[in-house]
Chemist: 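Have a look at the structure that comes next, please.
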Amino acid sequence: MTTMCRSQVCNPTMWPSGSTEGVSPAVVEGGKELVLSDQQLAKYMELFEENINRGLGKETNPTAIVKCFPTYVQHLPDGTEKGKYLALDLGGSNIRVLLVELGTAMNINSKVFTIPLSIMQGQGTLLFDFIADCLIGFVKSNNVEEELPLGFTFSFPLVQKGLKIGILERWTKDFSCPGVIGNDVVTMLQDALERRGHKKICIAAVLNDTTGTLMAAAFKHPRARIGLIVGTGTNGCYWESQQKAELFDEPDSGSGKVIINLEWGAFGDDGALDFIRRSYDEDVDLHSVNPGKQKHEKMISGMYMGELVRLMAEKFTKAGLMFEGRGSVSLFTRGALESSAVSDIERERYGEFTNVKRVCDSLGLTHATREDYCNMRYLCSLISRRAAQMVAAGLSVLMRRVGHKKVAVGIDGTVYKFHPHFHNLMMEKIKDITGDEFDYSLFLVEDGSGIGAALLAAVLARTQQL
Ligand code: BGC
């Protein structure tokens, strides 16, 4: 039996995802190129599998696109973890600092700090000074006197040389601080702490947010073997056998397994996904801070979803198919449509147009007709369905690699959390692809990337690797 366990499932009184009711035939026709066929998804899966094998192989890794970084994490939580830990979570436009106490229950105290764009794109040392200030401020205000182990979640592609060494391979999302690529981010944080005369924090491990999510998922669910993020960015990690992870040549620490951070956002950077990429994808890529990079991520994640819908609406309007051919300054402005608006539009009660009208009004499209509202909702569903189906196809590949009949997938990220249909679309597509092969569940792991960092420190304490 396949279980659905998620806090926010689709409300049956909403417009069904992909409904063409009220949509103009020309928009349905124009949007067809965004609908993925079974054959296209099968090809996508085959290519993804090939990319993973290349990433894992010692000989093939240097030129591989999906890097499959071994994380050095070989033990999952078993629920017996105890003690007090700190966690630092950097990944989007916020830094979250947590104090986690594990015992009979889990107590969490945390604070979120917003990172100004000037820091996200300024000198690397300034970023680490900023992180150190947030951490020290938090520790002081919580009267933490003792030296606590800290798990550091750094959600960008890191080449790990150990649990405490992570060399930044490249920036993604909106970050572009000079002076960090090629350096160990743990040393950079330690140096910033030392510049402030602070020696009481011991960094126990550096990890990716997908690893954190898998750790947090496994703490709750004994069958969790895959961690996934569909938020500002997207990525996955899974539990691979140590033998297949050829770059990981550590002695077997008992489990014979290691978590692999896929960095699947880069899938397609060599053109492999061109058979399903469209002019809108090209456009988003060309105008991003990292053209040519993270092409898979740009088709899926929250940072780009709104813009993809806007570009489609812009094209259809200019072709006279929407809004009577009359757009607005906002509709023709890059970045004017947030991905949260896509979720809002799709969260509409069946037969109603309240949310879509609000979004259109905010874009200055007050002349929109009922057909325009239906068209807008349809464009949103085209982009989100394509994203959910790609993620589902990727997950199906990972489930086969994990090879357990019963498997749970822990997922975090704003798209998964807030999009009303994403979970169900993924569940359905995985079922289509894998039939009865698996008994799977996908579940939301809230704040998994932060809590998971503390849990990793706790697992290292339990397995005496601190
Ligand atoms: C990063 C990954 C991260 C993902 C989700 C991507 O842009 O490269 O390391 O896991 O975003 O935050």
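Counting starts at 1 for both ligands and their atoms, following the listed order. We're numbering straight along the sequence, starting at 1.
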Chemist: Which residue holds the protein heavy atom closest to atom 4 (C) of ligand 1, what is that atom called, and what is the gap in Å?
Modeler: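 Checked against all protein heavy atoms, atom 4 (C) of ligand 1 sits closest to Asn235 CB, 3.7 Å.
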Chemist: Please write down residue, atom name and distance for the protein heavy atom closest to atom 12 (O) of ligand 1.
Modeler: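 Of the protein heavy atoms, Asp209 OD2, 2.6 Å lies nearest.
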Chemist: Walk me through it: do Val445 and Ile411 pass the test side chain to side chain contact (heavy atoms under 4.5 Å, CB included)?
Modeler: CA-CA 6 Å; Val445 188; Ile411 315 181; 5.9 Å; no
Chemist: I'd like to check which ligand 1 atoms, numbered from 1 as shown, lie under 4.0 Å from a non-hydrogen atom of Gln294.
Modeler: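 Those qualifying, in numeric order: 7 (O), 8 (O).
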Chemist: Are Lys406 and Phe438 in a cation-pi setup, meaning NZ or CZ lies under 6.0 angstrom from the ring centre and within 45 degrees of the ring axis?
Modeler: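 Here Lys406 fails the 6.0 Å and 45° test against Phe438.
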Chemist: I'd like to know whether ligand 1 has Arg170 as a neighbour, heavy-atom separation below 4.0 Å.
Modeler: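 Judged by the 4.0 Å heavy-atom criterion, Arg170 does not count as contacting ligand 1.
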Chemist: Taking 4.0 angstrom as the limit and counting only heavy atoms of Phe156, give me the atoms of ligand 1 inside it, by number and element.
Modeler: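 Those atoms are 9 (O).
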Chemist: So, 4.0 Å and heavy atoms of Gly265: is ligand 1 close enough to count as a contact?
Modeler: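 Heavy atoms of Gly265 never come under 4.0 Å of ligand 1.
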Chemist: Mark up the atoms of ligand 1 that fall under 4.0 Å of a heavy atom belonging to Thr172, in ascending order.
Modeler: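 Listed by number with element, the hits are 1 (C), 6 (C), 7 (O), 8 (O).
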Chemist: Looking only at protein heavy atoms, which one is nearest to atom 9 (O) of ligand 1, and how far off is it?
Modeler: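 Result: Glu263 OE2, 2.6 Å.
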Chemist: Quick check: Asn208 and ligand 1, any N/O pair under 3.5 Å apart?
Modeler: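 Among all N and O atoms of Asn208, at least one is under 3.5 Å from an N or O of ligand 1.
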Chemist: Is the ring pair Phe48/Phe267 parallel, tilted or perpendicular, if the boundaries are 30 and 60 degrees?
Modeler: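 Phe48 vs Phe267 ring planes: tilted.
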Chemist: For ligand 1, is there an atom lying under 4.0 Å from some heavy atom of Ser155?
Modeler: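 The answer is yes: ligand 1 sits under 4.0 Å from a heavy atom of Ser155.
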Chemist: Does Lys173 come within less than 4.0 Å of Glu297, counting only side-chain N to carboxylate O?
Modeler: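 Salt bridge: no.
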Chemist: For atom CD of Gln242, is the number of surrounding heavy atoms from other residues, nucleotides or ligands below 6.0 Å larger than 12?
Modeler: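 More than 12 heavy atoms, drawn from other residues, nucleotides or ligands, come within 6.0 Å of this atom.
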Chemist: Under 6.0 Å between ring centres: does that hold for Tyr44 and His296?
Modeler: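 Yes: the rings meet the under 6.0 Å criterion.
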Chemist: With ring centroids as reference points, do Phe156 and Phe154 lie under 6.0 angstrom apart?
Modeler: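 For Phe156 and Phe154, the ring centres are under 6.0 Å apart.
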Chemist: So is Lys173 polar-close to ligand 1, meaning N/O to N/O under 3.5 Å?
Modeler: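 Checking ligand 1 against Lys173, an N or O pair does fall under 3.5 Å apart.
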Chemist: Considering only protein heavy atoms, which is closest to atom 6 (C) of ligand 1, and at what distance to one decimal place?
Modeler: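 Checked against all protein heavy atoms, atom 6 (C) of ligand 1 sits closest to Glu297 OE1, 3.0 Å.
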Chemist: Does a side-chain N-to-carboxylate-O contact under 4.0 Å join Glu314 and Arg310?
Modeler: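 Counted as a salt bridge, because a side-chain N and a carboxylate O are separated by less than 4.0 Å.
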